[in-house]
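Below is one structure, written out as structure tokens; the observations come after it.
Please read all numbers here as calculations on a predicted model, not as lab measurements. Hydrogens, waters and symmetry mates play no part in the numbers below; they use all other heavy atoms, side chains included. Below, chains carry the letters A, B, ... as their sequence lines are ordered, and counting in each starts from 1.
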There are 2 protein chains.
Amino acid sequence: MTEAQGRSPRDRYRAQVRAEIKQHAWEQIATQGVPALSLNAIAKQLGMSGPALYRYFANRDELITALIRDAYRSFADAVRAAHEAGADLAGLAHAIRDWARADPQRYFLIYGTPVPGYHAPEDITAIADEVMVVLLEASEAPMAGKPATPFDAEFANRRTRADGSPVPGAVLRHAMSFWTRLHGVLSLELAGHFTGMEFDPDRLLDAELHELGTS
Amino acid sequence: MTEAQGRSPRDRYRAQVRAEIKQHAWEQIATQGVPALSLNAIAKQLGMSGPALYRYFANRDELITALIRDAYRSFADAVRAAHEAGADLAGLAHAIRDWARADPQRYFLIYGTPVPGYHAPEDITAIADEVMVVLLEASEAPMAGKPATPFDAEFANRRTRADGSPVPGAVLRHAMSFWTRLHGVLSLELAGHFTGMEFDPDRLLDAELHELGTS
DNA sequence: TAAGGAAGGTGATAGCTTCTAACCGGATCG
DNA sequence: CGATCCGGTTAGAAGCTATCACCTTCCTTA
């Protein structure tokens, strides 16, 4: 959201208005979900009349794509910050969980129901890859010296590190298990599928990650 | 979708039209997603003009709720069928996976992005509970005789069986782990978050369930 | 400094949507 | 047979996305 570093005053104004549009869009999404997002309503909230908003975003899809990009960026920043603070996988899980709980609809904008036919632009998938790199790095330590299991074969030689060396199958599998377990607990919790069951979702997540650590 | 057992011819006709409406709705959802579902378009496909459709569904939400109900019903039937055929948790996982792959948007109608403020009616949560009962029953066998872990404490005395006896913490935890792991892999796969990575998602699911079996 | 162009804002409008209202014809039921 | 209900119609209100033509204001450039 900090893109107000334009050179000319006009650029700064433009960036400012774009940021305000997105701000109001986030509020609508958080309270009513993406389908209810109305460009018209946002324009009125900003005190300008309908079509003015199209000077800043070509159409509804472009605004939503920008929001998705910001969501990914915020997500990747949260993951990276935890990683650089020395967090292990458990620490990363907590950071991601807190980030998701702060704004569930933002999490679902990334990991929720996909729109058939929609393909994220290149720069967004690049941000997603940043997260994967961190996950893989954080998965190196717990897998160090562990013997490869038969399941790891499928994951061997699927990906290379920054220096070109192959990521061991056990490491990639561990990272994917971490990711899918975290997402499994988190998304069902945020979607309310645990309501009525009395247990604390955090304890389920603890159990899932604990078992992952010992594998 | 088999609700055409009405008594009078009029009831049968009504049920028939309702079914046709839902049929076309499913096709729209499968190809374009829920937000693009248009009552107007459905009516025209059925050869009738717009407002006629409101004789069958009070509004858009009621149609979608009916679709959600049918999705849950179909899901529960698939799970129950596998269970009654003697499937263990692995078998249930395969049944659910196949059911989800047959129509990803139908899966996401149940487990995808939640609509803020929407609360499913009682009869739908009852269907969801049917599935939970099956999952718990299928989780009894693998947990029989296993010592309780510290993590199981949170899940003890949270739920009772049909006969009123309490579900052991280890069993509930096992069922929840099964559910969240399956959903974690499945939803990320169906949403396309594994595209570009070369591994087979089925192998990841195998690994996740195998590790669950040995816990 | 004056001129010109780009950028931002406006109202009007097309075309879509959901949904309500009023009305009409036919089937059903007492 | 008559009353009623049911399913369909057209008309229309209100909202949405998006485009168009036009106007003003600011910035740049000669």
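- At D:dT25, none of the side-chain N or O atoms of A:Tyr13 fall inside 4.0 Å of OP1 or OP2 (strictly under the cut-off).
- At whole-Å resolution of the value, CG in A:Asp61 and C1' in D:dC16 are 14 Å apart.
- To the nearest angstrom, C1' of D:dT9 lies 16 Å from CG of B:Leu46.
- In this structure, of D:dC16, D:dA18, D:dC22, it is D:dC16 that holds the atom nearest to the side chain of A:Ser38.
- The 5' end of DNA chain D is approached more closely, in terms of each residue's nearest nucleotide, by A:Lys44 than by the other of A:Ala58 and A:Lys44.
- Listed nucleotides C:dT18, D:dC16, C:dT10 differ in distance to A:Asn40; the shortest reach to its side chain belongs to D:dC16.
- Between B:Met176 and the choices B:Met132, B:Arg158, B:Arg181, the side-chain contact (heavy atoms from CB on, under 4.5 Å) rule is met once, by B:Met132.
- When distances are taken from the side chain of B:Tyr54 to each of C:dT17, C:dC19, D:dG7, the shortest belongs to C:dC19.
- The nearest whole Å value for the distance from the CD atom in B:Gln16 to the P atom in D:dC6 is 19 Å.
- Rounded to an integer number of Å, the gap from A:Phe57 CZ to C:dG9 P is 13 Å.
- Taking atom CG of residue A:Leu53 and atom C1' of nucleotide C:dG11, one finds them 16 Å apart after rounding to whole Å.
- When each of C:dA6, C:dT28, C:dT18 is scored by its nearest atom to the side-chain atoms of A:Arg10, the top-ranked nucleotide is C:dA6.
- When heavy atoms are screened at a 4.0 angstrom cut-off, A:Leu63 is found touching no nucleic acid atom at all.
- Within the 4.0 angstrom heavy-atom criterion, only backbone atoms of the sugar-phosphate kind lie near B:Asn59; the bases stay farther away.
- Per the geometry, CZ belonging to A:Arg55 stands 10 Å off C1' belonging to D:dC20, to the nearest Å.
- Rounding to whole angstrom units, CD1 of residue B:Ile42 and P of C:dT18 are separated by 8 Å.
- Classified by interplanar angle (parallel below 30°, tilted 30° to 60°, perpendicular above 60°), the ring pair B:His193/A:Trp179 is perpendicular.
- Under 4.0 angstrom from either OP1 or OP2 of C:dG11 there lies at least one side-chain N or O belonging to A:Ser49.
- The backbone N or O of B:Val185 lies less than 3.5 Å from no partner atom in the side chain of B:Glu208, so there is not a single donor-acceptor pair.
- Between the CZ atom of A:Arg12 and the C1' atom of D:dC27 there is a distance of 14 Å, rounded to whole Å.
- A sub-4.0 Å separation between OP1 or OP2 of C:dG8 and a side-chain N or O of A:Arg14 is present.
- In summary, the side chains of B:Thr65 and B:Tyr118 do present a donor paired with an acceptor at a separation below 3.5 Å, with no hydrogens or angles considered.
- Distances were taken from every side-chain heavy atom of A:Pro51 (C-beta onward) to each of D:dC20, D:dC16, D:dA11; the shortest belongs to D:dC20.
- Taking a cutoff of 4.0 Å between a charged side-chain nitrogen and a carboxylate oxygen, A:Arg73 and A:Asp123 do not qualify as a salt bridge.
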